[in-house]
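Inspection log for the structure reproduced underneath, given as structure tokens.
No hydrogens, no waters, no symmetry mates; every other heavy atom, side chains included, goes into these values. Proteins come first, then strands; the chains are lettered A, B, ... in the order of their sequence lines, and each starts at number 1.
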Amino acid sequence: MMDKTFDPAAVESRIAARWEEAEAFKAGRPDRHGAAPYTIVIPPPNVTGSLHMGHALNNTVQDILCRFERMRGKDVLWQPGTDHAGIATQMVVERKLAETQQPDRRTLGREEFLRRVWAWKEESGGTIVNQLKRLGASCDWSRERFTMDEGLSKAVLKVFVDLHSQGLIYRDKRLVNWDPRFQTAISDLEVLQVEVKGHLWHIRYPLEGEADRFITVATTRPETMLGDTGIAVHPEDERYKDLVGKFAILPLVGRRIPIVADEYSDPEKGTGAVKITPAHDFNDFEVGRRHGLKVINVLGPEAQLALGANAAFTDGLQPSADLDAVLALDGLDRAEARKRIVAMLEERGILEKIEPHTHAVPHGDRSNVVIEPYLTDQWYVDVKPLAERAMAAVRAGETRFVPESWEKTYFQWMENIEPWCVSRQLWWGHQIPAWFDPEGQPFVALTEEEARAQAREKHGRDVELRRDEDVLDTWFSSALWPFSTLGWPDETPELGKYYPTTVLVTAFDIIFFWVARMMMMGLHFRDEVPFKEVYIHALVRDEKGAKMSKSKGNVMDPLDLVDQYGADALRFTLAAMAAQGRDIKLSVARVEGYRNFATKIWNAARFAEMNGCARVPGFDPAKVQGTLNRWALTEAATASEAITQGILAYKFNEAAGAAYRFTWNVFCDWYLELAKPVLQGEDGPAKDETRATVAYLLDLICALLHPFMPFLTEELWAIKGAEGEPRANVLALSPWPELSGLKDAAAEAEIGWVVDLVSEIRSVRSETNVPAGAQVPLILVSPSPQVTERLPRWIDTIRRMARLSGVTIGDAAPKASIQVIVRGEVAAVPLEGVIDVAAERARLDKEKTKALGDVAKIDAKLGNADFLARAPEEVVDEQRERRDDLTARIAKMDEALTRLQGAQ
RNA sequence: GGGCGCGUAGCUCAGCGGUAGAGCACUGUGUUGACAUCGCAGUGGUCACAGGUUCGAUCCCUGUCGCGCCCACCA
């Protein structure tokens with residue numbers, strides 16, 4: 001005997017164990033020999049992370065696809081794994097060290113620190129994987145990978161060495177985005193522009209040799225003026241034309257700096273004269289390069305003033321009191337330095353004005369501190385040629401974006417792609433396979449021995465080599481994920497079979513970080529796109545539409561929802577809300593609603609159990625005779641097509657909606673109700689067939705819903721399996737329903753009439769305040785032969801469902817009666833004092849008014865010659881038909897109203 | 001500055017060139033043996049606004065207003 005409700009907490013772990021035991025999710029199962037492969041690589045979550053709502057959606061979608069295709073007989077590989085997430089993980093461990101009063105990273109030293117990170121990974125690395133399992137993710141867990149696994153690390157080194165030997169990786173000294181908190185370079189993508197309310201300081205720079213003449217520059221960063229090596233004005237700017245070629249004297253410092261003409265200067269901005277600080281601004285760097293300006297770095301790695309031992313800064317300067325005061329600021333943090341310098345300028349009366357100014361300031365996406373453009377040596381990938389190929393592949397349709405509009409985003413970024421800075425001054429990550437000789441010349445090789453050999457070749461002797469301490473950007477290894485997880489660089493059977501992968505499922509926020517880079521690397525190293533389709537799903541946002549994030553404190557924990565409502569309810573909610581092109585604002589009420597849906601299914605199964613609806617081996621739906629059963633199968637066929645098409649088109653909301661409506665509104669609300677008289681009546685062939693059909697349809701519902709609600713359906717599958725012959729398989733490996741040849745129009749006409757009739761009577765009873773318990777008679781007025789023929793079959797059901805004392809046939813409606821019109825036929829309920837005449841009159845009036853309005857609209861159309869001439873014939877016919885129906889209804893309502901005149 | 005998207009029922013959202021839908025909420029009602037995490041019935045919408053295209057526009061186009069996001073920009 002089944003429990004009254006489905007208890008997810010009790011069932012989920014048991015079901016998960018069953019799948020594991022059956023090795024249901026293993027790729028390359030013997031029963032899939034020769035089957036078409038279907039591959040998805042998981043977007044690897046941070047190894048030390050925990051599941052958030054975005055993961056829940058992302059993995060629900062992947063799981064729906066994988067379970068669906070697995071049931072459709074494919075050899076499915078859902079490749080799981082985790083990412084080492086360089087900065088994020090290193091940050092977490094450093095914070096932990098600080099919290100527990102342990103020595104910091106530098107005190108511990110690289111080796112010991114890395115030991116601690118690995119320990120932390122061992123300790124917490126399983127968390128997110130277990131959370132994914134709780135969600136029901138049907139990954140092939142036996143193939144789990146980690147981006148710093150031996151195999152994946154091997155792939156990373158090979159890619160680096162190969163790209164280097166192909167000239168696509170090079171070392172360059174230029175400005176990078178420097179994160180002063182982590183003291184590492186980061187890529188353009190890791191920089192977020194944040195609107196900040198700041199100031200615009202207008203500073204007078206005296207002209208050389210001309211007393212009392214000056215040029216005013218405006219800046220948002222006065223502290224960087226110490227590194228100024230020029231001033232730029234627009235060549236066409238009349239105001240400054242005569243100054244071009246002259247020199248200004250940098251206040252406080254005394255450096256002689258040239259005034260140059262450069263298009264970069266915008267006469268509209270600031271004063272039209274812009275100070276040039278090549279070491280601390282990307283644009284200035286370019287301007288400086290064009291005009292041969294010096295590059296003077298005045299900041300250290302922590303964004304503190306670094307002037308003391310800085311020969312470039314003091315070079316050529318005359319000692320002065322001002323200069324001494326500036327040098328006394330050495331070591332100050334940039335914010336403090338700004339205050340002090342502004343104060344000094346003010347004291348000297350050369351600060352012309354200060355304006356409030358809002359502008360975008362770059363921040364590190366993880367550190368959230370202001371990023372400094374900083375001059376360092378870093379490794380770069382020349383991504384331009386790789387991007388060309390990656391764009392061509394999408395243009396050629398080798399990879400298709402769903403929804404298609406994301407292609408635009410992809411192209412826009414790819415077309416403007418800049419060299420990718422891949423080195424990070426961190427410890428946690430893949431250490432770069434480069435060794436430097438004493439001159440600082442790098443030798444890139446897979447092993448130190450090879451690097452040593454290269455050095456020997458160059459120098460003619462052995463030289464001391466020092467390995468590059470830097471590690472690679474985390475996304476460098478992620479970019480290889482679709483093939484590195486399959487064993488590359490070895491030519492494994494898996495690589496041959498499962499690459500290119502079928503579809504990548506991800507959110508749009510990592511199209512650049514990840515999708516684009518996988519495309520580039522995949523094409524370059526495998527000569528094939530890494531995935532044939534990219535399904536970009538929504539972002540799960542908070543109620544205000546903001547991205548959920550820990551720092552904002554607006555997160556909903558998917559595991560809380562799983563605990564409370566079950567994984568199936570959460571999954572179904574996400575699927576039902578995953579319409580394309582729109583973000584999801586999740587509501588708990590919705591999850592609750594789908595938990596109720598799970599209960600509903602459960603109880604339908606319980607009903608089946610109570611009524612002996614056991615599976616019949618060899619049941620063939622095509623051989624079913626009963627009209628009601630044939631109708632249910634017709635509806636099932638329609639629903640299963642809609643579900644299949646929905647999933648295939650990545651329209652999960654449509655698929656989920658079709659499954660929901662069929663299960664609840666068709667199967668439960670009508671089919672089971674209509675079947676009750678048979679199921680609870682005398683034994684016989686009709687009852688046997690109905691029982692078998694109920695059992696069959698329940699199995700069907702389980703199968704159709706399994707991709708969305710795997711736990712509930714698998715549990716029911718097992719329970720129903722225990723009734724008849726044991727099942728050969730878990731539901732997860734059972735075939736996806738393909739129903740054909742089951743649609744029966746005659747059954748639809750008959751059952752549709754019953755459904756409409758019962759609905760109408762119910763509606764009318766309710767509106768005219770007939771007491772719910774009252775049994776009233778129904779008279780079918782001059783029914784058609786078809787209805788007369790059907791009636792005996794349905795009379796009991798109609799009586800029961802519409803609460804009628806009896807159903808009879810008559811020539812005319814009684815004088816005072818409620819009247820309904822169903823599929824063109826009239827049925828009447830005599831008043832007999834049970835109904836509220838005024839209410840019935842109101843009801844008829846209301847309905848008639850609406851009908852008249854509809855007719856008027858249709859008449860307007862039909863009276864329009866253009867409509868008749870230009871609209872498609874079937875549309876015109878449809879309108880005429882509707883008009884006929886409506887006028888017939890109105891006539892019948894008029895009759896009914898007339899009859900009511902005589903009533904009490 | 002460049003780009004993308006969104007304004008549909010009280011709320012969260014589907015939909016769409018030809019009768020405007022769901023879930024939740026709300027109102028009335030019901031416990032007759034699957035289910036009150038339920039049944040039955042109902043209330044509720046100038047589909048942001050203004051033009052245009054069209055026989056016909058919530059849907060397509062243009063503009064306006066409002067909202068969100070991405071990219072670029074430390075004058």
Side-chain angles (χ1 to χ4, degrees), chain A residues 2 4-6 193 196 198 200-202 217-221 224 232 265-266 268-275 280-284 357 359-362 370-371 373 405-406 408-409 412-413 416 508-509 511-512 539 541 543-547 565 569 573 576-577 579 581-590 592-611 653-654 657 660-661 668-669 672-673 676 680 759 762-767 769 771-773 800-801 803 854 857-858 860-861 864-872 874-876 878-879 882 886:
Chain A
M2 290 170 69
K4 217 172 165 185
T5 56
F6 172 63
Q193 302 295 335
V196 169
L200 198 53
W201 285 273
H202 292 244
V217 299
T219 181
T220 55
R221 297 204 59 190
T224 64
S265 180
D266 180 350
E268 303 293 316
K269 283 190 189 168
T271 63
V274 58
K275 69 189 204 62
H280 298 289
D281 183 287
F282 289 99
N283 290 310
D284 291 8
H357 182 71
H359 59 141
V361 177
V370 175
I371 292 305
S405 57
W406 289 108
K408 239 180 165 165
T409 307
Q412 196 188 323
W413 186 69
N416 300 303
F508 68 83
D509 57 342
I511 289 180
F512 307 144
L539 233 47
R541 295 177 183 277
E543 66 282 355
K544 283 174 253 159
K547 226 166 151 171
Y565 299 106
T573 306
M577 295 186 81
R582 184 143 166 169
D583 289 338
I584 293 179
K585 286 191 237 165
L586 197 62
S587 80
V588 179
R590 202 77 190 250
E592 195 181 331
Y594 291 123
R595 184 275 316 266
N596 297 351
F597 179 46
T599 308
K600 186 74 182 178
I601 301 164
W602 184 260
N603 276 290
R606 208 160 70 100
F607 171 81
E609 180 190 66
M610 289 172 173
N611 285 280
N653 57 322
E654 289 182 10
Y660 182 93
R661 285 189 300 274
C668 291
D669 288 350
L672 290 184
E673 291 301 328
K676 274 179 183 173
Q680 290 160 5
S759 298
R762 281 172 170 172
S763 176
V764 135
R765 287 179 61 121
S766 169
E767 282 184 60
N769 305 322
R800 172 198 150 91
M801 293 186 76
R803 299 232 188 153
D854 288 349
K857 270 194 218 165
I858 293 171
K861 279 188 188 178
N864 182 338
D866 284 332
F867 175 71
L868 297 178
R870 305 199 187 204
E874 61 269 24
V875 172
V876 177
E878 196 186 307
Q879 296 294 325
R882 250 191 89 211
L886 285 165

Here RNA chain B, pairs taken as Watson-Crick or G-U under 3.5 Å and shown with ( ), [ ] when crossing and | when to another strand, reads (((((((..((((....[..)))).(((((.......))))).....(((((..]....))))))))))))....
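Between B:G44 and B:A22, the two C1' atoms lie 14 Å apart (nearest whole Å). To the nearest whole angstrom, the two C1' atoms, one in B:C24 and one in B:G52, are 39 Å apart. One P atom belongs to B:C35, the other to B:G21, and the distance between them is 32 Å to the nearest Å.
Here A:Gln412 pairs with nothing under the side-chain hydrogen bond (donor to acceptor under 3.5 Å, both in side chains) rule; sequence neighbours left out. Applying the side-chain hydrogen bond (donor to acceptor under 3.5 Å, both in side chains) test to A:Asn611 and every residue at least two apart in sequence or in another chain returns nothing. For the ring pair (Phe, Tyr, Trp, His ring centres under 6.0 Å) test, residues two or more places apart in sequence or in another chain that qualify with A:His357 are A:His359. Looking at residues two or more places apart in sequence or on another chain, you find no side-chain hydrogen bond (donor to acceptor under 3.5 Å, both in side chains) involving A:Lys600. For A:Arg870, there are no salt bridge (charged side-chain N to carboxylate O under 4.0 Å, His left out) partners, not counting sequence neighbours. Here A:Glu767 pairs with A:Ser763 under the side-chain hydrogen bond (donor to acceptor under 3.5 Å, both in side chains) rule; sequence neighbours left out. Judged as a ring pair (Phe, Tyr, Trp, His ring centres under 6.0 Å), and not counting sequence neighbours, A:Phe607 has no contacts. In terms of the side-chain contact (heavy atoms from CB on, under 4.5 Å) criterion, residue partners of A:Ala608 (sequence neighbours excluded) are, by chain and number, A:Cys613, A:Val694, A:Leu698, A:Lys720. Under the rule for a ring pair (Phe, Tyr, Trp, His ring centres under 6.0 Å), the partners of A:Phe6 that lie at least two apart in sequence or sit in another chain are A:Trp602.
Rounding to whole angstrom units, CD1 of residue A:Ile511 and P of B:G5 are separated by 13 Å.
For a distance-only test at 3.5 Å, the side chain of A:Lys600 qualifies as a donor-acceptor partner of the base of B:C35.
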Going 5' to 3' through nucleotides 18-25 of chain B and flagging B where a protein heavy-atom sits under 4.0 Å of the base, S where only the sugar-phosphate is that close, and - otherwise, we get BB---SS-
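The side chain of A:Ser265 lies closest to B:A75, out of B:U37, B:A75, B:A34.
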Using the 3.5 Å cut-off, write out each protein N or O paired with an N or O of nucleotides 42-45 of chain B and the distance between them.
residue : atom : partner  : partner atom : Å
B:G42   : OP1  : A:Ser763 : OG           : 2.9
B:U43   : OP1  : A:Lys846 : NZ           : 2.5

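Checked for salt-bridge contact, A:Glu673 and A:Lys676 meet the test: a charged N lies under 4.0 Å from a carboxylate O.
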